[in-house]
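What follows is one structure encoded as structure tokens, with my remarks underneath.
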There are 2 protein chains.
Amino acid sequence: MYLCISKTVRMTHSEENYLKTIYHLGNYGVQSVSTNAIAEQMETKASSVTDMVKKLAEKDLVNYKKYQGAKLTEVGKKIASTIVRKHRLWEVFLVENLNFSWDEVHDVAEQLEHIQSKKLIDQLDAFLNFPTHDPHGDPIPDKEGNFKKTDKILLSQMDHNTSCICVGVKDSSSDFLKYLDRNSIALGTEIVVISKESFDGSMMLQIDNCRKAISKEVSNNLYVKSVL
Amino acid sequence: MYLCISKTVRMTHSEENYLKTIYHLGNYGVQSVSTNAIAEQMETKASSVTDMVKKLAEKDLVNYKKYQGAKLTEVGKKIASTIVRKHRLWEVFLVENLNFSWDEVHDVAEQLEHIQSKKLIDQLDAFLNFPTHDPHGDPIPDKEGNFKKTDKILLSQMDHNTSCICVGVKDSSSDFLKYLDRNSIALGTEIVVISKESFDGSMMLQIDNCRKAISKEVSNNLYVKSVL
DNA sequence: ATTATTTTTTAGCCTAATCTAAATTTATTT
DNA sequence: AAATAAATTTAGATTAGGCTAAAAAATAAT
């Protein structure tokens, strides 16, 4: 039951970026993704997407029928997961070893994810001691593309008088991450939900014995794991 | 007396590779390099080189006059030295931290040298503890592009009954580096020249109390520093 | 000082990846 | 069900980088 990629597929950076986008938008490659969704995400034009998707279909990396969007094939999924794996491993390296903060890693990892070298990524994985999550709490696929999806929920879904631990972010924009830094919220931070306002969705939290009010936008972009 | 690059020049990988080649062939950018020399080194066609050199001249990265080759400008030299700096720092990282051997690093470093991030390279430099030489003994330019050129000579130029220390290689092909590995010759290895054969240029060496005969090809590609 | 040879440049073509604008298909509303 | 709107595709250009083949310039050899 192995997926064999006999002749290693030669991929351009652009092709890799498209696969990665389809992987992310299509829920790890299980769903079909529309041309427009890809175009919006990649900040390009729908016509460019059509062209590229045809090319990827030609290479059997996606299944594509006119007007019906694109869905990754097994091979496409494998390649996409490898790119994500590389991206997230590099993010760990940057934060753990090169003093990057979690809001600075994305652009550089975006470049590093395209470096081709099996040995490089295997050794990096070992050097980092086989991390399972990146600095934003996102899971790192293993060599086969598998990862355990964490049972995380949005902070906004927690009830009042409950406790949870921050396990990830939905929005990983620099602005949001810096906001979290300023408010001492990091991966692993324990958060107690004191109260929720129904009229604006804001919340009163307790973090390290300090009370903090946060907006709906914040609680809708922070993933937590409930603690009993 | 500083060189200010006000607006950061946006470089493609291809442009960077050309600059690097001109830097190397032109003796760190001091000499003019012919179109054919560039083409041969880069395994491309002379006509392609002409086109690219014109483009680089347009950007003021090289000085170019028809039929007279290309020479790096100060700005071009600075950019080229940065690429070489990145290449060599990555090589150190691969060998020191990711268990690569010195014959495996080149191809990967060739990709990594194009990653754009000032912070990345500064932090990597610090992480590696500011190395001055790469795994092949080549000097790593500092941020300003300066490096001390070591007073190395080819092993073939040593007299018999003299001692020296291996400080670098001229040929850094995988084959040659593996040969050196098999013969326990590495950077820092002490070598005693026992004798030289005038008819074929071969040498008898003593390394770690073992005698080894090497060909002229070998002694012509190994840099050493004489020890008194 | 002419040839001949080598080097370099020019001209024209090709592919990858993008774009705009127009055409077409699908989806949504009256 | 027809009309409108939205999404998608096609057609035709463009730009970067490369190639081939022919022309031009520089160098070498007779």
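One interatomic measurement links the two molecules: NZ of A:Lys59 to C1' of C:dA16, which rounds to 10 Å at whole-angstrom precision. Atom CD in B:Gln68 sits about 17 Å away from atom P in C:dT7, given to the nearest Å. One atom, CG of B:Asp51, and another, C1' of C:dC13, lie 13 Å apart when rounded to the nearest Å. As rounded to whole Å, 15 Å separates atom P of D:dT9 from atom CE of A:Met52. Following rounding to the nearest Å, A:Asn17 (CG) and C:dA16 (P) show an atom-to-atom distance of 17 Å. Following rounding to the nearest Å, A:Lys54 (NZ) and D:dA11 (C1') show an atom-to-atom distance of 10 Å. Taking atom CG on B:Asn36 and atom P on D:dA25, their separation rounds to 18 Å, with Å as the unit. Note: CE (A:Met42) to P (C:dT18) measures 7 Å, nearest angstrom.
A donor-acceptor contact under 3.5 angstrom links the side-chain atoms of A:Ser47 to the base of C:dT20.
Side-chain nitrogen and oxygen atoms of A:Ser14 include none within less than 4.0 Å of the OP1 or OP2 phosphate oxygen of C:dA16.
Here the nucleotide nearest the side chain of A:Ser48, chosen from C:dC19, D:dT10, C:dT8, is C:dC19. The nucleotide whose nearest atom lies closest to any side-chain atom of B:Lys45 is, among D:dT20, C:dC19, C:dT8, D:dT20. Nearest to the side-chain atoms of A:Tyr18 among the listed nucleotides C:dT18, D:dG18, C:dT8 stands C:dT18.
Sequence neighbours left out, the pairs with a member in residues 23-42 of chain A that pass ring pair (Phe, Tyr, Trp, His ring centres under 6.0 Å) are A:Tyr23-A:Tyr28, A:Tyr28-A:Phe147.
The residues A:Lys20 and A:Glu110 are annotated as salt-bridged, a charged nitrogen and a carboxylate oxygen being separated by less than 4.0 angstrom. For B:Glu104 and B:Lys178, the salt-bridge test fails: no basic side-chain N is under 4.0 Å from an acidic carboxylate O. Using a 4.0 Å cut-off between a side-chain N of Lys or Arg and a carboxylate O of Asp or Glu, B:Asp125 and B:Lys143 do not qualify as a salt bridge. A salt bridge is absent between B:Glu113 and B:Arg85: the closest approach of a Lys/Arg side-chain nitrogen to an acidic carboxylate oxygen does not fall below 4.0 angstrom. Contact check on B:Glu74 versus B:Lys77 returns a salt bridge, with a Lys/Arg side-chain nitrogen under 4.0 Å from an Asp/Glu carboxylate oxygen.
Using a 4.0 Å heavy-atom distance criterion, A:Thr50 is classed as a base contact.
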### Task
Apply ring-ring contact (aromatic ring centres under 6.0 Å, His included) to B:His106 and B:His136, showing your working.
CA-CA 10 Å; B:His106 194 263; B:His136 312 111; 7.4 Å; no

Using a cutoff of under 3.5 Å, can you pull out all pairs of nitrogen or oxygen atoms linking the protein to nucleotides 23-27 of chain C, with atom names and distances?
residue, atom, partner, partner atom, Å
C:dT25, O4', A:Tyr67, OH, 3.2

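Residue whose closest nucleotide on DNA chain C sits further toward the 5' end, between B:Ala37 and A:Glu43: B:Ala37.
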